Amino acid sequence: MIHQIYPQVSHDFQYELNKDMQIAAAHFIPHEAAGKCAQMHGHTYFVNITVAGNELDDSGFLVNFQQLKKIVHGKFDHTLMNDHKDMFNNVNANDFPTTEVVARKIAEIVQAHLDTLPNRPTCVQVFVRESPTSYVVYRPKAGKQ
């Protein structure tokens, strides 16, 4: 079980849901300034997704926890991040699989799913820890979800 305190995101929604998961994945950063990270290596990423909204669906959920896990864990667990050409590339630094970009891409795929739901919840934060001492928090800009 993951016991972690995450940075809080300020919002005016009535409901806030948080989903934790672990993802075992490898990556490399294809840039000479990445140092040792230019070599393929792996992490057990700890991910927390924060979803907020004002309306529950017909089942009484803001969003189904299992759907969030399927969308994120199902896509990335036990993969090489660089192989997800629809998410990352080896050309543009804004799309290298750094922890910052991984957090942003997770937010984007979660929000794409949330946009299909009738109650229209919002992904307000994604927290990705790649090691015991290093993590990233990504918060989409208002109106940019």
Side-chain angles (χ1 to χ4, degrees), residues 1-13 15-55 57 61-145:
M1 165 152 318
I2 303 170
H3 293 285
Q4 175 70 46
I5 302 298
Y6 301 103
Q8 295 295 302
V9 58
S10 178
H11 60 75
D12 294 325
F13 294 107
Y15 297 98
E16 177 180 306
L17 172 151
N18 283 273
K19 176 64 178 161
D20 288 331
M21 63 189 82
Q22 294 180 20
I23 299 168
H27 73 149
F28 60 90
I29 310 305
H31 194 277
E32 65 274 1
K36 289 183 178 182
C37 292
Q39 299 297 316
M40 189 183 326
H41 60 285
H43 300 283
T44 299
Y45 293 95
F46 291 86
V47 176
N48 173 270
I49 300 165
T50 305
V51 175
N54 292 320
E55 302 293 328
D57 67 13
F61 294 139
L62 183 60
V63 63
N64 188 312
F65 286 117
Q66 292 175 345
Q67 277 301 114
L68 291 177
K69 184 174 181 180
K70 180 179 176 184
I71 293 166
V72 178
H73 188 270
K75 182 172 183 73
F76 295 118
D77 190 52
H78 284 80
T79 68
L80 174 60
M81 294 284 195
N82 302 69
D83 285 348
H84 294 279
K85 300 300 183 196
D86 59 326
M87 306 294 290
F88 309 106
N89 68 48
N90 295 326
V91 179
N92 181 346
N94 287 325
D95 290 320
F96 291 165
T98 62
T99 306
E100 294 86 345
V101 175
V102 168
R104 187 182 84 232
K105 295 294 186 173
I106 289 172
E108 290 170 358
I109 62 173
V110 166
Q111 190 60 53
H113 170 70
L114 299 177
D115 287 344
T116 69
L117 303 178
N119 60 328
R120 302 286 298 205
T122 302
C123 180
V124 295
Q125 177 174 283
V126 174
F127 173 100
V128 179
R129 179 178 294 281
E130 76 166 29
S131 76
T133 61
S134 302
Y135 68 86
V136 168
V137 175
Y138 176 77
R139 296 183 182 114
K141 289 183 179 182
K144 298 285 185 183
Q145 288 92 0

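Note that the structure is a prediction, hence the values are computed from the model and not measured. What you see below is based on every heavy atom in this structure, not just the backbone, and it leaves out hydrogens, waters and symmetry mates. Counting from 1, the numbers follow the sequence of the chain as shown.
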Indicate the atoms forming the closest heavy-atom contact of [X] with [Y], along with that distance.
X	Y	answer
V51	P121	CG1-CB, 3.6 Å
Q22	H73	O-CD2, 2.9 Å
P97	H27	O-ND1, 2.6 Å

Do [X] and [Y] have side-chain heavy atoms sitting under 4.5 Å apart?
X	Y	answer
M81	K105	no
V124	F13	yes
H43	S134	no
V126	V110	no
T122	Q111	yes
K75	D86	yes
Y45	V72	no
V102	F88	yes

Problem - Stepwise side-chain contact (heavy atoms from CB on, under 4.5 Å) test for N48 and Y135 - result: CA-CA 11 Å; N48 173 270; Y135 68 86; over 6 Å; no
Atom pair [atom1]/[atom2] of [X] and [Y] - distance to nearest 0.5 Å:
X	Y	atom1	atom2	result
K69	I23	NZ	CD1	10.0 Å
N18	T50	CG	OG1	3.5 Å
I49	L114	CD1	CG	9.0 Å
I71	M21	CD1	CE	8.5 Å
E130	T98	CD	OG1	9.0 Å
T99	I29	OG1	CD1	7.0 Å

Practice task
Tell me, yes or no, whether the heavy-atom count around E100 atom CD, taken from other residues, nucleotides or ligands under 6.0 Å, exceeds 12.
Solution key: yes
Practice task
Verify the neighbour count for atom NZ of K36: are there more than 12 heavy atoms of other residues, nucleotides or ligands below 6.0 Å?
Solution key: no
Verify, without hydrogens or angle tests, whether [X] (side chain) and [Y] (backbone) share a donor-acceptor contact under 3.5 angstrom.
X	Y	answer
N82	F28	yes
N119	L62	yes
H41	Q39	yes
Q125	P7	yes
R120	D115	yes

Practice task
Salt-bridge test for R104 and E108: reply yes if a basic N is under 4.0 Å from a carboxylate O, no otherwise.
Solution key: yes
Exercise for the section: Kindly determine whether F76 and V47 satisfy side-chain contact (heavy atoms from CB on, under 4.5 Å), including the steps that lead there. Expected result: CA-CA 11 Å; F76 295 118; V47 176; over 6 Å; no
Exercise for the section: For the residue pair H31 and F96, categorise the inter-ring angle as parallel (less than 30°), tilted (30 to 60°) or perpendicular (more than 60°). Expected result: tilted
Handout entry: Residue pair F65, L17: steps toward the side-chain contact (heavy atoms from CB on, under 4.5 Å) verdict
Key = CA-CA 9 Å; F65 286 117; L17 172 151; 3.5 Å; yes
